[in-house]
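All remarks here apply to the structure that follows.
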Amino acid sequence: MAEKEKLTIVVFSGDLDRALAAFMLATTGASMGMEVSMFFTFWGLNIIKKNEGGISSKGLMRKMFNFINRGGSRRLKLSQFNMLGLGTWMMKRLMKDINMPSIDEFITMAHEMGVKLIACTASCGIMGLPEDAFRSEVESLAGAAYFLGEARKSKVALFI
Amino acid sequence: MAEKEKLTIVVFSGDLDRALAAFMLATTGASMGMEVSMFFTFWGLNIIKKNEGGISSKGLMRKMFNFINRGGSRRLKLSQFNMLGLGTWMMKRLMKDINMPSIDEFITMAHEMGVKLIACTASCGIMGLPEDAFRSEVESLAGAAYFLGEARKSKVALFI
Amino acid sequence: MAEKEKLTIVVFSGDLDRALAAFMLATTGASMGMEVSMFFTFWGLNIIKKNEGGISSKGLMRKMFNFINRGGSRRLKLSQFNMLGLGTWMMKRLMKDINMPSIDEFITMAHEMGVKLIACTASCGIMGLPEDAFRSEVESLAGAAYFLGEARKSKVALFI
(Lines give C-alpha, C1' and ligand atoms only; values in the text may rest on other atoms or scores of the structure.)
Protein backbone atom coordinates (compact mmCIF):
# COMPACT_ATOMS: atom_id res chain seq x y z
CA MET A 1 0.00 0.00 0.00
CA ALA A 2 1.29 3.45 -0.88
CA GLU A 3 2.30 5.65 2.01
CA LYS A 4 0.01 8.55 2.75
CA GLU A 5 1.11 12.07 1.83
CA LYS A 6 1.91 14.15 4.87
CA LEU A 7 0.85 17.67 5.86
CA THR A 8 2.69 19.21 8.81
CA ILE A 9 1.66 22.52 10.35
CA VAL A 10 3.51 24.53 13.00
CA VAL A 11 0.90 26.54 14.87
CA PHE A 12 2.94 29.34 16.45
CA SER A 13 0.16 31.89 16.69
CA GLY A 14 -2.58 31.85 19.32
CA ASP A 15 -4.89 34.21 17.42
CA LEU A 16 -8.43 33.05 16.71
CA ASP A 17 -8.13 33.84 13.01
CA ARG A 18 -4.86 31.96 12.48
CA ALA A 19 -6.08 29.02 14.58
CA LEU A 20 -9.10 28.87 12.30
CA ALA A 21 -6.92 28.80 9.19
CA ALA A 22 -4.76 26.06 10.70
CA PHE A 23 -7.73 23.81 11.52
CA MET A 24 -9.43 24.45 8.17
CA LEU A 25 -6.26 23.24 6.43
CA ALA A 26 -5.68 20.34 8.84
CA THR A 27 -9.22 18.93 8.60
CA THR A 28 -9.38 19.47 4.85
CA GLY A 29 -6.04 17.67 4.47
CA ALA A 30 -7.30 14.76 6.58
CA SER A 31 -10.51 14.56 4.53
CA MET A 32 -8.35 14.35 1.39
CA GLY A 33 -6.56 11.34 2.83
CA MET A 34 -3.42 13.13 3.99
CA GLU A 35 -1.65 12.27 7.23
CA VAL A 36 -1.76 15.49 9.21
CA SER A 37 0.29 16.67 12.22
CA MET A 38 -0.19 19.96 14.02
CA PHE A 39 2.75 21.08 16.11
CA PHE A 40 1.68 23.74 18.62
CA THR A 41 4.37 26.07 19.88
CA PHE A 42 4.63 29.34 21.81
CA TRP A 43 1.32 31.30 21.68
CA GLY A 44 -0.17 28.41 19.72
CA LEU A 45 -0.16 26.37 22.94
CA ASN A 46 -3.02 28.59 24.12
CA ILE A 47 -5.29 26.93 21.57
CA ILE A 48 -4.92 23.47 23.08
CA LYS A 49 -4.93 24.41 26.76
CA LYS A 50 -7.89 23.19 28.79
CA ASN A 51 -10.60 25.83 29.10
CA GLU A 52 -11.40 24.98 32.72
CA GLY A 53 -9.42 25.41 35.93
CA GLY A 54 -6.09 27.08 36.56
CA ILE A 55 -2.63 26.07 35.37
CA SER A 56 -0.32 24.76 38.07
CA SER A 57 3.17 25.91 37.12
CA LYS A 58 6.15 26.25 39.41
CA GLY A 59 7.74 29.53 40.47
CA LEU A 60 6.21 32.97 40.87
CA MET A 61 7.17 34.27 37.44
CA ARG A 62 5.67 31.30 35.57
CA LYS A 63 2.53 31.46 37.71
CA MET A 64 2.19 35.15 36.78
CA PHE A 65 2.89 34.51 33.10
CA ASN A 66 0.28 31.75 32.90
CA PHE A 67 -2.23 33.87 34.75
CA ILE A 68 -1.88 36.72 32.23
CA ASN A 69 -1.53 34.38 29.26
CA ARG A 70 -4.30 31.98 30.35
CA GLY A 71 -5.29 30.60 26.96
CA GLY A 72 -7.89 27.95 26.13
CA SER A 73 -9.82 27.62 22.85
CA ARG A 74 -12.66 29.83 24.07
CA ARG A 75 -10.41 32.72 25.08
CA LEU A 76 -8.67 33.26 21.73
CA LYS A 77 -8.92 36.70 20.16
CA LEU A 78 -8.73 38.08 16.64
CA SER A 79 -5.28 39.40 15.65
CA GLN A 80 -7.00 42.50 14.26
CA PHE A 81 -10.20 44.34 15.14
CA ASN A 82 -10.50 42.66 18.52
CA MET A 83 -11.96 46.00 19.69
CA LEU A 84 -12.09 45.01 23.38
CA GLY A 85 -13.73 41.72 22.41
CA LEU A 86 -16.46 43.13 20.15
CA GLY A 87 -14.70 42.14 16.92
CA THR A 88 -13.96 38.65 18.24
CA TRP A 89 -17.59 38.25 19.32
CA MET A 90 -18.77 39.36 15.85
CA MET A 91 -16.39 36.93 14.14
CA LYS A 92 -17.71 34.02 16.23
CA ARG A 93 -21.28 35.00 15.31
CA LEU A 94 -20.38 35.23 11.61
CA MET A 95 -18.74 31.78 11.78
CA LYS A 96 -21.77 30.26 13.51
CA ASP A 97 -24.08 31.90 11.02
CA ILE A 98 -22.61 29.87 8.13
CA ASN A 99 -22.28 26.73 10.27
CA MET A 100 -18.50 26.95 10.50
CA PRO A 101 -17.32 24.89 13.51
CA SER A 102 -15.93 26.73 16.54
CA ILE A 103 -12.26 26.13 17.46
CA ASP A 104 -13.49 23.80 20.19
CA GLU A 105 -15.44 21.76 17.65
CA PHE A 106 -12.54 21.89 15.18
CA ILE A 107 -10.20 20.37 17.80
CA THR A 108 -12.57 17.46 18.46
CA MET A 109 -13.20 16.98 14.75
CA ALA A 110 -9.49 17.06 13.85
CA HIS A 111 -8.72 14.54 16.59
CA GLU A 112 -11.50 12.21 15.40
CA MET A 113 -10.20 12.48 11.82
CA GLY A 114 -6.80 11.26 13.00
CA VAL A 115 -4.97 14.60 12.97
CA LYS A 116 -2.09 14.38 15.46
CA LEU A 117 -2.01 17.31 17.92
CA ILE A 118 1.45 17.78 19.44
CA ALA A 119 2.69 20.33 22.00
CA CYS A 120 6.23 21.71 21.69
CA THR A 121 8.47 20.58 24.54
CA ALA A 122 10.73 23.65 24.54
CA SER A 123 7.83 26.12 24.74
CA CYS A 124 6.28 24.10 27.57
CA GLY A 125 9.63 24.31 29.31
CA ILE A 126 9.95 28.09 28.98
CA MET A 127 6.37 28.71 30.07
CA GLY A 128 6.38 26.04 32.77
CA LEU A 129 3.36 24.23 31.35
CA PRO A 130 2.77 20.74 32.80
CA GLU A 131 1.40 18.08 30.47
CA ASP A 132 -1.98 18.18 32.24
CA ALA A 133 -2.48 21.80 31.14
CA PHE A 134 -3.58 20.43 27.77
CA ARG A 135 -6.83 18.92 26.52
CA SER A 136 -7.21 15.18 26.16
CA GLU A 137 -7.08 15.42 22.35
CA VAL A 138 -3.39 16.35 22.55
CA GLU A 139 -1.38 13.23 21.76
CA SER A 140 2.04 14.07 23.16
CA LEU A 141 4.84 16.55 23.72
CA ALA A 142 7.69 16.63 21.23
CA GLY A 143 10.61 18.83 20.26
CA ALA A 144 11.81 20.71 17.18
CA ALA A 145 13.74 17.65 15.99
CA TYR A 146 10.52 15.65 15.87
CA PHE A 147 8.82 18.42 13.89
CA LEU A 148 11.68 18.67 11.37
CA GLY A 149 11.72 14.90 11.03
CA GLU A 150 8.04 14.96 10.07
CA ALA A 151 8.34 18.11 7.96
CA ARG A 152 11.05 16.71 5.74
CA LYS A 153 8.90 13.71 4.91
CA SER A 154 5.92 16.01 4.18
CA LYS A 155 4.52 17.16 0.87
CA VAL A 156 3.44 20.40 2.54
CA ALA A 157 4.84 22.04 5.68
CA LEU A 158 3.51 25.40 6.85
CA PHE A 159 4.32 27.82 9.68
CA ILE A 160 1.19 29.63 10.84
CA MET B 1 7.97 19.22 -22.30
CA ALA B 2 8.83 19.22 -18.64
CA GLU B 3 6.17 20.45 -16.28
CA LYS B 4 6.80 23.80 -14.65
CA GLU B 5 7.79 23.92 -10.99
CA LYS B 6 5.03 25.32 -8.81
CA LEU B 7 5.10 28.00 -6.10
CA THR B 8 1.96 28.32 -3.98
CA ILE B 9 1.48 31.10 -1.45
CA VAL B 10 -1.32 31.47 1.11
CA VAL B 11 -1.72 35.18 1.77
CA PHE B 12 -3.47 35.26 5.14
CA SER B 13 -2.23 38.65 6.26
CA GLY B 14 -3.60 41.97 5.01
CA ASP B 15 -0.61 44.02 6.17
CA LEU B 16 1.19 46.18 3.62
CA ASP B 17 4.58 44.73 4.53
CA ARG B 18 3.51 41.08 4.25
CA ALA B 19 1.59 41.78 1.03
CA LEU B 20 4.79 43.27 -0.36
CA ALA B 21 6.79 40.17 0.58
CA ALA B 22 4.15 37.92 -1.01
CA PHE B 23 4.16 39.81 -4.32
CA MET B 24 7.95 40.07 -4.41
CA LEU B 25 8.16 36.29 -4.12
CA ALA B 26 5.27 35.65 -6.54
CA THR B 27 6.59 37.90 -9.32
CA THR B 28 10.18 36.71 -8.82
CA GLY B 29 8.97 33.10 -9.02
CA ALA B 30 7.05 33.84 -12.22
CA SER B 31 10.10 35.55 -13.75
CA MET B 32 12.11 32.41 -12.95
CA GLY B 33 9.63 30.34 -14.94
CA MET B 34 7.69 28.94 -12.00
CA GLU B 35 3.92 28.47 -12.08
CA VAL B 36 2.67 30.66 -9.25
CA SER B 37 -0.65 30.68 -7.37
CA MET B 38 -1.59 33.11 -4.62
CA PHE B 39 -4.42 32.01 -2.40
CA PHE B 40 -5.88 34.97 -0.49
CA THR B 41 -7.67 34.20 2.74
CA PHE B 42 -8.99 36.07 5.76
CA TRP B 43 -7.33 39.52 6.13
CA GLY B 44 -5.44 38.79 2.92
CA LEU B 45 -8.70 39.29 1.02
CA ASN B 46 -8.35 43.00 1.79
CA ILE B 47 -5.43 43.17 -0.64
CA ILE B 48 -7.51 42.10 -3.63
CA LYS B 49 -10.72 44.00 -2.86
CA LYS B 50 -11.64 46.79 -5.26
CA ASN B 51 -10.46 50.17 -4.03
CA GLU B 52 -13.61 51.98 -5.20
CA GLY B 53 -17.22 51.83 -4.04
CA GLY B 54 -18.78 50.01 -1.10
CA ILE B 55 -19.15 46.29 -0.53
CA SER B 56 -22.70 44.99 -0.77
CA SER B 57 -22.96 42.19 1.78
CA LYS B 58 -26.14 40.79 3.32
CA GLY B 59 -27.18 41.23 6.93
CA LEU B 60 -26.42 44.02 9.39
CA MET B 61 -23.43 42.32 11.04
CA ARG B 62 -21.64 41.63 7.74
CA LYS B 63 -22.38 45.15 6.51
CA MET B 64 -20.82 46.50 9.72
CA PHE B 65 -17.83 44.17 9.50
CA ASN B 66 -17.10 45.14 5.90
CA PHE B 67 -17.50 48.80 6.71
CA ILE B 68 -14.88 48.61 9.47
CA ASN B 69 -12.66 46.18 7.55
CA ARG B 70 -13.03 47.97 4.19
CA GLY B 71 -9.76 46.84 2.57
CA GLY B 72 -8.44 47.59 -0.92
CA SER B 73 -4.78 47.69 -1.96
CA ARG B 74 -4.46 51.41 -1.20
CA ARG B 75 -5.76 51.10 2.35
CA LEU B 76 -3.26 48.52 3.63
CA LYS B 77 -1.19 49.44 6.66
CA LEU B 78 2.17 48.38 8.05
CA SER B 79 1.99 45.67 10.73
CA GLN B 80 4.42 47.74 12.83
CA PHE B 81 5.12 51.47 13.11
CA ASN B 82 1.88 52.43 11.41
CA MET B 83 1.90 55.43 13.79
CA LEU B 84 -1.56 56.67 12.79
CA GLY B 85 -0.60 56.31 9.14
CA LEU B 86 2.72 58.19 9.28
CA GLY B 87 4.85 55.02 9.18
CA THR B 88 2.78 53.58 6.33
CA TRP B 89 3.12 56.83 4.39
CA MET B 90 6.89 56.81 4.95
CA MET B 91 7.18 53.20 3.79
CA LYS B 92 5.29 53.98 0.57
CA ARG B 93 7.63 56.92 -0.05
CA LEU B 94 10.71 54.76 0.59
CA MET B 95 9.38 52.12 -1.81
CA LYS B 96 8.71 54.70 -4.52
CA ASP B 97 12.13 56.22 -4.00
CA ILE B 98 13.86 53.03 -5.15
CA ASN B 99 11.27 52.39 -7.89
CA MET B 100 9.67 49.47 -6.06
CA PRO B 101 6.15 48.92 -7.48
CA SER B 102 3.16 49.76 -5.26
CA ILE B 103 0.83 46.89 -4.27
CA ASP B 104 -1.57 48.11 -6.95
CA GLU B 105 1.15 47.84 -9.58
CA PHE B 106 2.33 44.51 -8.19
CA ILE B 107 -1.18 43.05 -8.60
CA THR B 108 -1.35 44.12 -12.25
CA MET B 109 2.19 42.92 -12.89
CA ALA B 110 1.62 39.55 -11.21
CA HIS B 111 -1.58 39.05 -13.22
CA GLU B 112 0.18 39.90 -16.48
CA MET B 113 2.99 37.47 -15.65
CA GLY B 114 0.43 34.68 -15.29
CA VAL B 115 0.32 34.48 -11.48
CA LYS B 116 -3.08 33.06 -10.51
CA LEU B 117 -4.88 35.15 -7.86
CA ILE B 118 -7.49 33.13 -5.99
CA ALA B 119 -9.89 34.18 -3.21
CA CYS B 120 -10.72 31.68 -0.44
CA THR B 121 -14.35 30.57 -0.57
CA ALA B 122 -14.72 29.93 3.17
CA SER B 123 -13.40 33.36 4.16
CA CYS B 124 -15.73 35.01 1.63
CA GLY B 125 -18.56 33.05 3.21
CA ILE B 126 -17.75 34.15 6.76
CA MET B 127 -17.31 37.78 5.79
CA GLY B 128 -20.20 37.83 3.32
CA LEU B 129 -18.05 39.01 0.42
CA PRO B 130 -19.72 38.71 -3.00
CA GLU B 131 -17.49 37.82 -5.96
CA ASP B 132 -17.82 41.36 -7.33
CA ALA B 133 -16.04 42.77 -4.25
CA PHE B 134 -12.78 41.73 -5.90
CA ARG B 135 -10.66 43.27 -8.63
CA SER B 136 -10.79 41.97 -12.17
CA GLU B 137 -7.31 40.40 -11.82
CA VAL B 138 -8.75 37.82 -9.40
CA GLU B 139 -9.27 34.61 -11.34
CA SER B 140 -11.70 32.71 -9.17
CA LEU B 141 -12.88 31.63 -5.74
CA ALA B 142 -11.68 28.29 -4.41
CA GLY B 143 -11.55 26.34 -1.17
CA ALA B 144 -8.90 24.86 1.11
CA ALA B 145 -9.02 21.56 -0.81
CA TYR B 146 -8.02 23.37 -3.98
CA PHE B 147 -5.13 25.04 -2.17
CA LEU B 148 -3.87 21.76 -0.68
CA GLY B 149 -4.19 20.09 -4.07
CA GLU B 150 -1.90 22.76 -5.55
CA ALA B 151 0.42 22.88 -2.54
CA ARG B 152 1.19 19.19 -2.60
CA LYS B 153 2.28 19.43 -6.20
CA SER B 154 4.44 22.49 -5.38
CA LYS B 155 8.18 22.72 -4.90
CA VAL B 156 7.60 25.59 -2.47
CA ALA B 157 4.47 26.39 -0.43
CA LEU B 158 4.44 29.29 2.00
CA PHE B 159 1.95 30.74 4.47
CA ILE B 160 2.35 34.50 4.76
CA MET C 1 28.37 11.27 -1.10
CA ALA C 2 24.69 12.03 -0.83
CA GLU C 3 23.71 15.68 -0.92
CA LYS C 4 22.52 17.14 2.35
CA GLU C 5 18.84 17.88 2.82
CA LYS C 6 18.11 21.59 2.89
CA LEU C 7 16.05 23.70 5.27
CA THR C 8 15.35 27.27 4.18
CA ILE C 9 13.68 29.81 6.43
CA VAL C 10 12.46 33.31 5.54
CA VAL C 11 12.61 35.37 8.70
CA PHE C 12 10.22 38.23 7.96
CA SER C 13 9.29 39.03 11.54
CA GLY C 14 11.48 40.94 13.97
CA ASP C 15 9.61 39.79 17.08
CA LEU C 16 11.59 38.13 19.85
CA ASP C 17 9.24 35.15 19.97
CA ARG C 18 9.32 34.44 16.22
CA ALA C 19 13.10 34.98 16.09
CA LEU C 20 13.38 32.38 18.83
CA ALA C 21 11.28 29.88 16.86
CA ALA C 22 13.36 30.50 13.74
CA PHE C 23 16.68 29.88 15.52
CA MET C 24 15.36 26.83 17.37
CA LEU C 25 14.41 25.29 14.03
CA ALA C 26 17.61 26.41 12.27
CA THR C 27 20.00 25.08 14.92
CA THR C 28 18.00 21.88 15.36
CA GLY C 29 18.06 21.36 11.60
CA ALA C 30 21.83 21.91 11.49
CA SER C 31 22.34 19.46 14.37
CA MET C 32 20.35 16.87 12.39
CA GLY C 33 22.76 17.29 9.49
CA MET C 34 20.60 19.53 7.34
CA GLU C 35 22.02 22.40 5.31
CA VAL C 36 20.27 25.46 6.70
CA SER C 37 19.81 28.96 5.26
CA MET C 38 18.05 31.82 7.00
CA PHE C 39 16.93 34.62 4.76
CA PHE C 40 16.21 37.78 6.77
CA THR C 41 13.82 40.27 5.25
CA PHE C 42 11.88 43.35 6.32
CA TRP C 43 11.47 43.50 10.14
CA GLY C 44 13.56 40.33 10.35
CA LEU C 45 16.62 42.44 9.44
CA ASN C 46 16.37 43.93 12.95
CA ILE C 47 17.50 40.59 14.37
CA ILE C 48 20.85 40.65 12.59
CA LYS C 49 21.67 44.36 12.91
CA LYS C 50 24.65 45.23 15.09
CA ASN C 51 23.64 46.12 18.61
CA GLU C 52 26.18 48.93 18.93
CA GLY C 53 26.45 52.30 17.23
CA GLY C 54 24.08 54.06 14.86
CA ILE C 55 23.10 53.14 11.32
CA SER C 56 24.45 55.42 8.62
CA SER C 57 21.79 55.58 5.93
CA LYS C 58 21.35 58.26 3.29
CA GLY C 59 18.52 60.76 3.17
CA LEU C 60 16.45 62.24 5.97
CA MET C 61 13.56 59.83 5.70
CA ARG C 62 15.76 56.72 5.89
CA LYS C 63 17.72 58.22 8.78
CA MET C 64 14.43 58.78 10.63
CA PHE C 65 13.14 55.33 9.79
CA ASN C 66 16.29 53.63 11.05
CA PHE C 67 16.29 55.75 14.17
CA ILE C 68 12.75 54.66 15.07
CA ASN C 69 13.26 51.10 13.86
CA ARG C 70 16.75 50.71 15.38
CA GLY C 71 16.81 46.92 15.78
CA GLY C 72 19.61 44.71 17.09
CA SER C 73 19.19 41.32 18.75
CA ARG C 74 18.96 42.84 22.24
CA ARG C 75 16.17 45.25 21.35
CA LEU C 76 13.64 42.70 20.06
CA LYS C 77 10.23 42.61 21.72
CA LEU C 78 7.54 40.00 22.17
CA SER C 79 4.73 40.18 19.58
CA GLN C 80 2.23 39.87 22.45
CA PHE C 81 2.30 40.90 26.11
CA ASN C 82 5.23 43.24 25.63
CA MET C 83 3.54 45.39 28.32
CA LEU C 84 5.96 48.30 27.97
CA GLY C 85 8.87 45.87 28.13
CA LEU C 86 7.79 43.94 31.23
CA GLY C 87 6.56 40.91 29.28
CA THR C 88 9.70 40.85 27.15
CA TRP C 89 11.86 41.08 30.27
CA MET C 90 9.92 38.20 31.86
CA MET C 91 10.30 36.07 28.74
CA LYS C 92 14.07 36.59 28.71
CA ARG C 93 14.22 35.58 32.38
CA LEU C 94 12.12 32.47 31.73
CA MET C 95 14.40 31.51 28.83
CA LYS C 96 17.53 31.99 30.92
CA ASP C 97 15.99 30.01 33.74
CA ILE C 98 15.87 26.85 31.62
CA ASN C 99 19.25 27.57 29.98
CA MET C 100 17.73 28.48 26.63
CA PRO C 101 20.27 30.57 24.66
CA SER C 102 19.52 34.27 24.08
CA ILE C 103 19.03 35.45 20.48
CA ASP C 104 22.58 36.80 20.60
CA GLU C 105 23.90 33.39 21.58
CA PHE C 106 21.65 31.66 19.04
CA ILE C 107 23.13 33.80 16.24
CA THR C 108 26.70 32.86 17.20
CA MET C 109 25.73 29.22 17.64
CA ALA C 110 23.89 29.04 14.31
CA HIS C 111 26.85 30.64 12.53
CA GLU C 112 29.28 28.18 14.11
CA MET C 113 27.07 25.27 13.11
CA GLY C 114 27.25 26.40 9.49
CA VAL C 115 23.80 27.98 9.18
CA LYS C 116 23.97 30.61 6.42
CA LEU C 117 22.58 34.00 7.50
CA ILE C 118 21.54 36.10 4.52
CA ALA C 119 20.08 39.63 4.38
CA CYS C 120 17.46 40.46 1.73
CA THR C 121 18.79 42.96 -0.83
CA ALA C 122 15.42 44.54 -1.64
CA SER C 123 14.56 45.24 2.01
CA CYS C 124 18.03 46.74 2.55
CA GLY C 125 17.34 48.94 -0.46
CA ILE C 126 13.97 50.18 0.81
CA MET C 127 15.28 50.85 4.30
CA GLY C 128 18.62 52.22 3.16
CA LEU C 129 20.64 49.74 5.18
CA PRO C 130 24.34 49.56 4.25
CA GLU C 131 26.06 46.18 4.47
CA ASP C 132 28.01 47.28 7.55
CA ALA C 133 24.76 47.66 9.52
CA PHE C 134 24.85 43.88 10.03
CA ARG C 135 26.78 41.64 12.38
CA SER C 136 29.83 39.77 11.21
CA GLU C 137 27.96 36.46 11.27
CA VAL C 138 25.88 37.60 8.27
CA GLU C 139 27.33 35.96 5.20
CA SER C 140 25.97 38.10 2.38
CA LEU C 141 23.12 40.04 0.85
CA ALA C 142 20.92 38.26 -1.68
CA GLY C 143 17.59 38.73 -3.43
CA ALA C 144 14.28 36.90 -3.68
CA ALA C 145 15.53 34.90 -6.68
CA TYR C 146 18.33 33.50 -4.57
CA PHE C 147 15.88 32.52 -1.86
CA LEU C 148 13.51 30.81 -4.31
CA GLY C 149 16.44 29.01 -5.89
CA GLU C 150 17.36 27.59 -2.48
CA ALA C 151 13.77 26.97 -1.43
CA ARG C 152 12.92 24.84 -4.42
CA LYS C 153 15.84 22.57 -3.66
CA SER C 154 14.78 22.35 -0.02
CA LYS C 155 12.96 19.58 1.80
CA VAL C 156 11.42 22.19 4.09
CA ALA C 157 10.87 25.91 3.43
CA LEU C 158 9.12 28.08 6.00
CA PHE C 159 8.04 31.73 6.21
CA ILE C 160 8.23 32.99 9.78
Side-chain angles (χ1 to χ4, degrees), chain B residues 3-13 15-36 38 44 78-83 86-102 106 110 115 151 153-160, chain C residues 6-15 18 39-46 57-71 75-80 82 120-129 142-160:
Chain B
E3 232 183 301
K4 280 185 169 186
E5 292 190 347
K6 274 173 191 277
L7 164 63
T8 307
I9 303 174
V10 183
V11 188
F12 174 90
S13 165
D15 298 322
L16 174 61
D17 38 12
R18 291 189 172 246
L20 194 62
F23 278 103
M24 278 287 293
L25 289 171
T27 52
T28 304
S31 74
M32 291 164 75
M34 296 181 89
E35 195 182 313
V36 186
M38 298 177 85
L78 284 180
S79 66
Q80 318 243 337
F81 295 114
N82 180 48
M83 305 185 293
L86 180 63
T88 297
W89 176 82
M90 273 175 74
M91 181 52 60
K92 287 182 179 175
R93 284 283 302 265
L94 296 179
M95 284 166 62
K96 206 169 183 176
D97 195 44
I98 60 156
N99 297 314
M100 168 86 55
S102 67
F106 259 128
V115 173
K153 287 181 285 176
S154 296
K155 281 281 173 186
V156 185
L158 301 169
F159 187 100
I160 297 188
Chain C
K6 275 173 191 278
L7 164 64
T8 306
I9 303 174
V10 183
V11 188
F12 174 91
S13 165
D15 298 321
R18 290 188 173 248
F39 189 77
F40 295 86
T41 184
F42 231 89
W43 311 112
L45 291 173
N46 283 343
S57 36
K58 280 171 192 151
L60 182 62
M61 188 130 33
R62 289 194 166 76
K63 276 190 212 304
M64 274 173 59
F65 187 83
N66 289 320
F67 180 77
I68 302 171
N69 181 43
R70 174 60 186 82
R75 289 186 190 85
L76 309 178
K77 290 174 193 159
L78 283 181
S79 65
Q80 318 242 337
N82 180 49
C120 166
T121 319
S123 302
C124 290
I126 297 179
M127 299 181 180
L129 292 172
Y146 174 84
F147 161 71
L148 283 174
E150 291 293 295
R152 66 187 184 183
K153 288 181 283 176
S154 296
K155 281 281 175 187
V156 186
L158 302 171
F159 187 101
I160 297 188

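Numbered from 1 within each chain, the chains take letters A, B, ... in sequence-line order.
Residue B:R93 qualifies as open at atom CZ: its count of foreign heavy atoms under 6.0 Å is 12 or below. For NZ of B:K6, the number of neighbouring non-hydrogen atoms (other residues, nucleotides, ligands) closer than 6.0 Å is greater than 12.
Across all non-hydrogen atoms, the minimal contact from B:L158 to C:A157 is CD2-O, 3.9 Å. The two residues C:R152 and B:K155 make their nearest non-hydrogen contact at O-CD, 3.6 Å. The shortest heavy-atom contact between B:L7 and C:L148 is CD2-CD2, 4.1 Å. Of all heavy-atom pairs between C:A122 and B:M24, the closest is CB-CE, 3.7 Å.
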Chi angles and distances behind the side chain to side chain contact (heavy atoms under 4.5 Å, CB included) call for C:N69, B:Q80: CA-CA 10 Å; C:N69 181 43; B:Q80 318 243 337; over 6 Å; no

Assess whether side chain to side chain contact (heavy atoms under 4.5 Å, CB included) is satisfied between C:F42 and B:R18, documenting all intermediate values. CA-CA 9 Å; C:F42 231 89; B:R18 291 189 172 246; over 6 Å; no

Assess the residue pair B:L94 and C:R62 against the criterion (side chain to side chain contact (heavy atoms under 4.5 Å, CB included)); give the C-alpha distance rounded to whole Å, side-chain angles, the decisive distance to 0.1 Å, and a yes or no. CA-CA 8 Å; B:L94 296 179; C:R62 289 194 166 76; 3.6 Å; yes

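Only the side chain of B:L78 comes within less than 4.5 Å of a heavy atom in chain C; its backbone stays farther off. Only the side chain of B:L20 comes within less than 4.5 Å of a heavy atom in chain C; its backbone stays farther off. Looking at B:M90, both its backbone and its side chain come within 4.5 Å of chain C, counting heavy atoms on both sides. Using a 4.5 Å cut-off between heavy atoms, C:F159 contacts chain B through both its backbone and its side chain. Both the backbone and the side chain of C:I126 have a heavy atom closer than 4.5 Å to some heavy atom of chain B. Looking at C:F12, the atoms closer than 4.5 Å to chain B (heavy atoms on both sides) all sit in the side chain, from C-beta outward.
By the 4.5 Å heavy-atom criterion applied to side chains, B:M83 and C:I68 are counted as neighbours.
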